[in-house]
Amino acid sequence: MALWATSCSSSEKLFLASSAATRRRMGSRRRDLVHVGMTDQAETETISIAYKEGDRERPKWADETPFSRLIEALISFKPFYSLLKLGARQVLISTAEKNNIPWREMTKEILESDVYKELNTIQNTSLQYPDYYLSPFHAYDEGNLSWLAAAEAEVATMSMTRRAIPYAPSNEEATQEMRGNWVQAIKQHHMKHSGNVTIQNIVDIGCSVGVSTRFLADEFPSAKVTGLDLSPYFLSVAQFKEKKRPPRKNPIRWIHAAGENTGLPSKSFDLVSFSYVFHECPERAIIALVNEAFRLLRPGGTLAITDQAPKSKILQELSPALFTLMKSTEPFLNEYYLTDLEERLKEAGFVNMKTLLTDPRHMTMTATVPHQHV
């Protein structure tokens, strides 16, 4: 889960809408590169959105430079790291509260609920955690292996979304832009390259507390959806929240497992999704996750990765203070930005790779398992 974004100026935003109603609802704005054809579900009209790319392949602060190494050294100094961790956390909470996102109330509601009863039905006690997963993440010393991280995950995602899309009229519309563009990119890619393969089985790897999983289940109601994560605490929250909703025709299945070795059958899925997962992984884990996705997908199946966009103009222009805060909570961020994802997908056997900026600072990369794959 990505926890960072910064505001962009009105001169950096570009918005082109095909209908007057859409322009009235969202405003005629300037946003940041790539042309995305997207269906407005309310009016079944196409919206053309463009987001700006920066001038580099990746942010300068992610390169192996003396300045980057200085930042890493500062972060490794524990007293300074503690201050950075506190600052990063406060930025998210402040953003939430300024946008009427009840951070403390939502967290308290989870922590004072019966969510703890879900753990025994979710946790795989024999699971061996990868070493990288035991690192501190997102200002939590225990990383994703704590109830506090799980209780705050959804509200932190809401805050991240609001910082990514500050010009949206509401939190709901910010979420719809971010998630809607992501899903539309998946649908367009699958329609073009699957050979008419229907999406019947989906696995959302690194599903956290199920925000992306529920969105996929809503968008593909006839599909059987699986949410898989390494944190039993996150999965407990995901299952607890899902039980509060009206029953689905196809209930979501939650699995506590490693994404690199899911234990699921080969060629059993039409869509494998990773939402804001790879920036939390070293390159060796990214390669293993991509290879596992290839194994899980049927011929013609689609891989979808959405995450921080190295080419995002906004991310490339982050101030030193902001990118230092960001890097302090994301131990593998440099490795992510230095990884050639399209090349890693190609090495795994994927074809038809395509990358789009689907909001001002996040990209969606899609790819296909060849139809002749055996």
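Each residue takes its place number in the sequence, starting with 1.
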Engineer: Can you tell me if Thr302 and His190 form a side-chain donor-acceptor pair at under 3.5 Å?
Structural biologist: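 Indeed, the side chains of Thr302 and His190 share at least one donor-acceptor pair under 3.5 Å.
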Engineer: State whether Arg179 and Glu219 are salt-bridged, where the test is any N-O pair (Lys NZ or Arg NE/NH1/NH2 against Asp/Glu carboxylate O) under 4.0 Å.
Structural biologist: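 Salt bridge between Arg179 and Glu219, a charged N being under 4.0 Å from a carboxylate O: no.
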Engineer: For a quick test of reading the model, state the closest non-hydrogen atom pair linking Arg361 to Arg163 and the distance between them.
Structural biologist: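 Shortest heavy-atom contact: NH1-O, 3.7 Å.
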Engineer: Should Asp229 and Asn144 count as side-chain neighbours, where that means a heavy-atom distance under 4.5 Å?
Structural biologist: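 When only atoms from C-beta onward are counted, Asn144 and Asp229 do not touch, as no gap falls below 4.5 Å.
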Engineer: Should the ring pair Phe137 and Phe332 be called parallel, tilted or perpendicular, given that the plane angle runs from 0 to 90° and is split at 30 and 60?
Structural biologist: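 Phe137 vs Phe332 ring planes: tilted.
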Engineer: One pair to check against side-chain hydrogen bond (donor to acceptor under 3.5 Å, both in side chains): Glu330 and Tyr336. What are the steps and the verdict?
Structural biologist: CA-CA 10 Å; Glu330 304 285 3; Tyr336 167 73; over 6 Å; no
Engineer: Tell me the closest heavy-atom pair linking Ala164 and Pro360, and the distance in Å.
Structural biologist: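 Distance-wise, the nearest heavy atoms are O-CG, 3.8 Å.
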Engineer: Using 4.0 Å as the upper bound for N to carboxylate O, is an ion pair formed by Asp131 and Arg284?
Structural biologist: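 So Arg284 pairs with Asp131 through a salt bridge.
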Engineer: Got a sec: does the CD of Gln128 have more than 12 other heavy atoms crowding it under 6.0 Å?
Structural biologist: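 No, the 6.0 Å shell around CD holds no more than 12 heavy atoms from other groups.
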Engineer: Count I, L, V, M, F, W, Y as connected when their side-chain heavy atoms are under 4.5 Å apart, and connections chain through other members. Are Leu296 and Ile186 then in the same cluster?
Structural biologist: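 No: no chain of side-chain contacts under 4.5 Å links Leu296 to Ile186.
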Engineer: Donor-acceptor pair, distance only, cut-off 3.5 Å: does the side chain of Thr198 make one with the backbone of Gln200?
Structural biologist: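 Side chain of Thr198 to backbone of Gln200, a donor-acceptor pair under 3.5 Å: no, none is there.
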Engineer: I'd like to know whether Met365 forms a side-chain contact (heavy atoms from CB on, under 4.5 Å) with Leu303, so could you lay out the CA-CA distance, the side-chain angles of the two residues, the decisive distance to 0.1 Å, and finally the verdict.
Structural biologist: CA-CA 8 Å; Met365 181 179 295; Leu303 169 66; over 6 Å; no
Engineer: How long is the gap from NE2 on His189 to CE on Met353, to the nearest 0.5 Å?
Structural biologist: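 Between His189 NE2 and Met353 CE, I get 9.5 Å after rounding to 0.5 Å.
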Engineer: Rounded to the nearest 0.5 Å, what separation is found between the OG atom of Ser222 and the NZ atom of Lys249?
Structural biologist: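 The distance works out to 6.5 Å.
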Engineer: Evaluate the side-chain hydrogen bond (donor to acceptor under 3.5 Å, both in side chains) criterion for residues Thr213 and Asp204: first the C-alpha distance (whole Å), next the side-chain angles of each, then the deciding distance (0.1 Å), finally the verdict.
Structural biologist: CA-CA 6 Å; Thr213 319; Asp204 186 25; 2.7 Å; yes
Engineer: Apply the test side-chain contact (heavy atoms from CB on, under 4.5 Å) to residues Met160 and His362: give CA-CA distance (whole Å), side-chain angles for both, the deciding distance (0.1 Å), then the verdict.
Structural biologist: CA-CA 11 Å; Met160 176 272 292; His362 298 110; 3.6 Å; yes
Engineer: Are Lys187 and Phe220 in a cation-pi contact, defined as NZ or CZ under 6.0 Å from the six-membered ring centre and within 45° of the axis?
Structural biologist: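 Geometry flag: set, cation within 6.0 Å and 45°.
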Engineer: Show, in sequence, the C-alpha distance, side-chain angles and deciding distance for Ile110 and Glu154, and conclude whether the side-chain contact (heavy atoms from CB on, under 4.5 Å) test is met.
Structural biologist: CA-CA 11 Å; Ile110 292 294; Glu154 183 164 2; over 6 Å; no
Engineer: Shortest non-hydrogen contact from Arg295 to Gly263?
Structural biologist: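 Smallest heavy-atom distance, with atoms named: NH2-N, 4.3 Å.
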Engineer: Sort out for me which residue in Tyr140, Tyr116, Trp147 forms a ring-ring contact (aromatic ring centres under 6.0 Å, His included) with Tyr233.
Structural biologist: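 Only match with Tyr233 under ring-ring contact (aromatic ring centres under 6.0 Å, His included): Trp147.
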Engineer: Measure from the side-chain N and O atoms of Glu292 to the backbone N and O of Thr262, and report whether any donor-acceptor pair falls under 3.5 Å.
Structural biologist: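 Such a contact is found between Glu292 side chain and Thr262 backbone.
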Engineer: Less than 4.5 Å apart, side chain to side chain, heavy atoms only: is that true for Trp254 and Thr121?
Structural biologist: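 Contact flag for Trp254/Thr121 side chains = no.
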Engineer: So which of Thr366, Thr368, Val369 actually passes side-chain contact (heavy atoms from CB on, under 4.5 Å) with Phe350?
Structural biologist: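 Result for side-chain contact (heavy atoms from CB on, under 4.5 Å) with Phe350: Val369.
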Engineer: Honestly curious: do Val197 and Leu271 fall in one hydrophobic cluster under the side-chain, below-4.5 Å linking rule?
Structural biologist: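 Different clusters.
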Engineer: Run the salt-bridge test on Lys108 and Glu105 with the 4.0 Å N-O cut-off and return the result as yes or no.
Structural biologist: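 No.
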Engineer: For Glu57, does the CD atom have more than 12 heavy-atom neighbours from other residues, nucleotides or ligands under 6.0 Å away?
Structural biologist: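 Open: at most 12 neighbouring heavy atoms sit under 6.0 Å from CD of Glu57.
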Engineer: Distance from Leu356 atom CG to Trp182 atom CH2, nearest 0.5 Å?
Structural biologist: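 Taking CG in Leu356 and CH2 in Trp182, the distance rounds to 14.5 Å.
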Engineer: Would you mind reporting whether Arg298 and Asn201 have side-chain heavy atoms less than 4.5 Å apart?
Structural biologist: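 Answer yes - side chains close enough.
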Engineer: Could you measure the distance from the CG atom of Asn181 to the CG atom of Leu357? Nearest 0.5 Å is fine.
Structural biologist: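 Rounded to the nearest 0.5 Å, the CG-CG separation comes to 10.5 Å.
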Engineer: Side-chain contact, heavy-atom cut-off 4.5 Å: Arg58 with Leu338?
Structural biologist: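 Heavy-atom side-chain distance check passes, below 4.5 Å.
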Engineer: Under the side-chain contact (heavy atoms from CB on, under 4.5 Å) criterion, do Lys241 and Arg214 qualify, and how do the steps go?
Structural biologist: CA-CA 10 Å; Lys241 284 180 171 287; Arg214 293 193 296 270; 4.0 Å; yes
Engineer: Rounded to the nearest 0.5 Å, what's the gap from NZ on Lys313 to CG on Asp55? Could you check?
Structural biologist: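 The distance works out to 6.5 Å.
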Engineer: Any idea how His256 and Tyr129 line up, ring-wise: parallel (<30°), tilted (30 to 60°), or perpendicular (>60°)?
Structural biologist: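 Tilted, since the angle between the ring planes falls between 30° and 60°.
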Engineer: Kindly give the heavy-atom pair with the smallest separation between Ile205 and Gly259, and that separation in Å.
Structural biologist: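 The answer is CG2-CA, 3.6 Å.
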Engineer: Check for me, please, whether Val115 and Leu230 land in the same ILVMFWY cluster - side-chain distances under 4.5 Å, paths through other members count.
Structural biologist: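 The answer is yes; both residues are in one hydrophobic cluster.
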Engineer: Do Phe278 and Val203 belong to the same hydrophobic cluster, where Ile, Leu, Val, Met, Phe, Trp and Tyr are linked whenever their side-chain heavy atoms lie under 4.5 Å apart, directly or via other members?
Structural biologist: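 Same cluster.
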Engineer: Hey, any chance Val277 and Val225 share a hydrophobic cluster, counting ILVMFWY side chains that come within less than 4.5 Å of each other, even indirectly?
Structural biologist: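 No, no single cluster joins them.
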Engineer: Side chains of Leu216 and Ser273, heavy atoms from C-beta outward: is any pair under 4.5 Å?
Structural biologist: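 Yes - at least one pair of side-chain heavy atoms lies under 4.5 Å apart.
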Engineer: Are any of the side-chain heavy atoms of Lys243 and Glu118 separated by less than 4.5 Å?
Structural biologist: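 Of all side-chain heavy-atom pairs linking Glu118 with Lys243, at least one is under 4.5 Å.
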Engineer: Say whether, by atom type as modelled, one donor and one acceptor occur between the side chain of Glu335 and the main chain of Glu283 under 3.5 angstrom.
Structural biologist: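 A pair under 3.5 Å: yes.
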Engineer: What distance do Glu172 atom CD and Met158 atom CE have between them, rounded to the nearest 0.5 Å?
Structural biologist: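 Between atom CD of Glu172 and atom CE of Met158 there are 7.5 Å.
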Engineer: Are Phe269 and Thr226 packed together at the side-chain level, in the sense that at least one heavy-atom pair is separated by less than 4.5 angstrom?
Structural biologist: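 Yes. Closest side-chain heavy atoms under 4.5 Å.
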Engineer: Verify the neighbour count for atom CD of Glu109: are there more than 12 heavy atoms of other residues, nucleotides or ligands below 6.0 Å?
Structural biologist: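 Atom CD in Glu109 is not crowded, with 12 or fewer foreign heavy atoms closer than 6.0 Å.
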Engineer: Show the nearest heavy-atom pair for residues Ser159 and Thr95, with the distance to one decimal.
Structural biologist: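 Shortest heavy-atom separation between Ser159 and Thr95 comes out as OG-CB, 3.4 Å.
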Engineer: Could you check whether any side-chain heavy atom of Leu341 comes within less than 4.5 Å of a side-chain heavy atom of Asp307, counting everything from C-beta outward?
Structural biologist: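 The answer is no, as the side chains (C-beta and beyond) never meet within the 4.5 Å cut-off.
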Engineer: Please give me the minimum heavy-atom distance between Lys311 and Arg56, naming the atom from each residue.
Structural biologist: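 What the structure gives for the nearest pair is CG-O, 4.0 Å.
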